[in-house]
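Okay, so here's the structure we're looking at.
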Amino acid sequence: MSAPIVRSLSDLRGMVSRWKQSGETVGVVPTMGALHQGHLSLVRAAKEGCDRVVVTIFINPKQFNNPEDYENYPRTEEDDARKLGPLDVDAVYVPDGPTMYPDGFATNVSVGGLTNVLCGAHRPGHFDGVATVVSKLFLQTQADRAYFGEKDFQQLQVVTRLAADLDIPIEVVGCPTIREEDGLAMSSRNLLLSDRARVWAPELNAAMEELAEGLLAGGDAVELRAQAVGRIERAGFTEVEYLDLRACDTLEELTSPTRPARLLAAAWLAGVRLIDNIAVG
């Protein structure tokens, strides 16, 4: 059995209005589809924390820098709906492009500071696209809580900040990264990896864990990072965009984990960009 799909904004708002009139809380899990166990873990968290749960599926063109990347992004709506069926979600909201960005759409939501580093530095405009579509989904669903994975840690900080800054009455809930047995962080982009590249991919997380242990032991940050980058490149990655230790709250770069910190990385493997992060200390 598949989960019920809602495509009309007016239909969605009618459903949510009835739920709210009954005093029920609403949770939203924003996604771009190609659902995996990481997404489903967010749905389960939403089910535990809310009376009603809406999963949104919209492949947002505004957050892609490369049109080819947008075109190649996996589109698996029917399979996604089947995966959500057993979880008993109340609605799968699948708006089309004109619903999200009608003719004449001219508004852009931009979150300063947090978006100037890491993925933001390598993907200009990406987080403006994320912030804009997430703002719309928050307002369209009128949800009380929104669930995001910590795997996209920078994104989690950005959407938390925008909700606070714009006084959107929603609680942003971060949920732990879900990994494959070999340590690879689950991602829709993993579907794009060749069989050979999939074997190499876990080395990114392994190198990060080794780097984190060295930092906690008081090792030299520059030397440890160079060793980690070398390990990643020897595994077949062609480019390490960043491998940074950052403060959890501000994403300020750190040389040692003297405050709550995250080690964040982005690297290219066989034409696929993978990201990951782990807590340090």
Side-chain angles (χ1 to χ4, degrees), residues 29-39 42 55-80 83 94-101 105 108-111 114-137 148-159 162 177-178 180 184-205 232-233 235-244 264-277:
V29 181
T31 83
M32 292 204 300
L35 303 184
H36 51 67
Q37 287 300 320
H39 295 113
L42 302 180
V55 177
T56 72
I57 298 177
F58 179 68
I59 303 174
N60 178 30
K62 288 186 177 294
Q63 67 190 72
F64 287 85
N65 303 86
N66 184 342
E68 185 178 346
D69 195 18
Y70 170 71
E71 293 299 329
N72 290 337
Y73 197 86
R75 287 162 169 80
T76 56
E77 181 184 309
E78 291 185 6
D79 188 46
D80 293 339
K83 289 178 180 177
V94 189
D96 60 14
T99 297
M100 299 305 289
Y101 303 119
F105 187 88
N108 185 61
V109 180
S110 182
V111 179
L114 291 171
T115 62
N116 298 331
V117 298
L118 302 169
C119 285
H122 292 272
R123 305 179 69 188
H126 167 73
F127 283 115
D128 286 4
V130 171
T132 301
V133 77
V134 167
S135 296
K136 292 204 65 166
L137 291 171
F148 290 84
E150 290 183 349
K151 194 207 75 131
D152 295 298
F153 192 79
Q154 186 175 14
Q155 173 179 272
L156 174 61
Q157 304 312 305
V158 169
V159 298
L162 80 84
T177 300
I178 304 300
E180 305 285 359
L184 178 64
M186 289 189 179
S187 169
S188 301
R189 293 181 183 272
N190 294 350
L191 296 174
L192 303 176
L193 293 170
S194 67
D195 291 344
R196 188 177 184 186
R198 176 61 187 82
V199 173
W200 298 337
E203 276 296 294
L204 177 62
N205 177 252
I232 294 167
E233 291 177 341
F237 286 79
T238 52
E239 179 186 357
V240 178
E241 284 190 354
Y242 60 79
L243 179 58
D244 293 357
L264 301 104
W268 287 85
L269 176 63
V272 180
R273 186 177 186 271
L274 301 179
I275 65 171
D276 201 351
N277 73 87

Verdict with supporting geometry, R75 and D80, salt bridge (charged side-chain N to carboxylate O under 4.0 Å, His left out) = CA-CA 9 Å; R75 287 162 169 80; D80 293 339; over 6 Å; no
Verdict with reasoning, L118 to D244, per side-chain contact (heavy atoms from CB on, under 4.5 Å) | CA-CA 8 Å; L118 302 169; D244 293 357; 3.6 Å; yes
Side-chain contact test, heavy atoms from C-beta onward, threshold under 4.5 Å: evaluate it for [X] versus [Y] and give yes or no.
X    : Y    : result
N65  : D69  : no
Q154 : V117 : yes
P61  : M100 : no
V134 : F148 : yes
E150 : L156 : yes

Distance (rounded to the nearest 0.5 Å) between [X] [atom1] and [Y] [atom2]:
X    : Y    : atom1 : atom2 : result
K83  : L35  : NZ    : CG    : 6.5 Å
H36  : N190 : NE2   : CG    : 7.0 Å
S187 : E180 : OG    : CD    : 10.0 Å
F237 : W268 : CZ    : CH2   : 12.0 Å
M32  : F58  : CE    : CZ    : 10.0 Å
K62  : D128 : NZ    : CG    : 10.0 Å

Electrostatic pair E239:R273 at N-O distance under 4.0 angstrom =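 Result for this pair is no, no salt bridge flagged.
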Do the side chain of N277 and the main chain of K151 share a donor and acceptor less than 3.5 angstrom apart?
->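 Yes, N277 side chain to K151 backbone: donor-acceptor pair under 3.5 Å.
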For A265 and L204, which heavy atoms make the closest approach, and how far apart are they?
->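 In this case the closest contact between A265 and L204 is CB-CD1, 4.1 Å.
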Does a side chain donor of either D96 or Y101 reach within less than 3.5 Å of an acceptor in the other side chain?
->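 Their side chains do not contain a donor-acceptor pair, so the 3.5 Å distance test is not met.
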With under 30° as parallel and over 60° as perpendicular, where do the rings of Y73 and F64 fit, or are they tilted in between?
->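 The arrangement is perpendicular - the two ring planes meet at more than 60°.
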Would you check, one step at a time, whether the test side-chain contact (heavy atoms from CB on, under 4.5 Å) holds for F127 with S110?
-> CA-CA 7 Å; F127 283 115; S110 182; over 6 Å; no
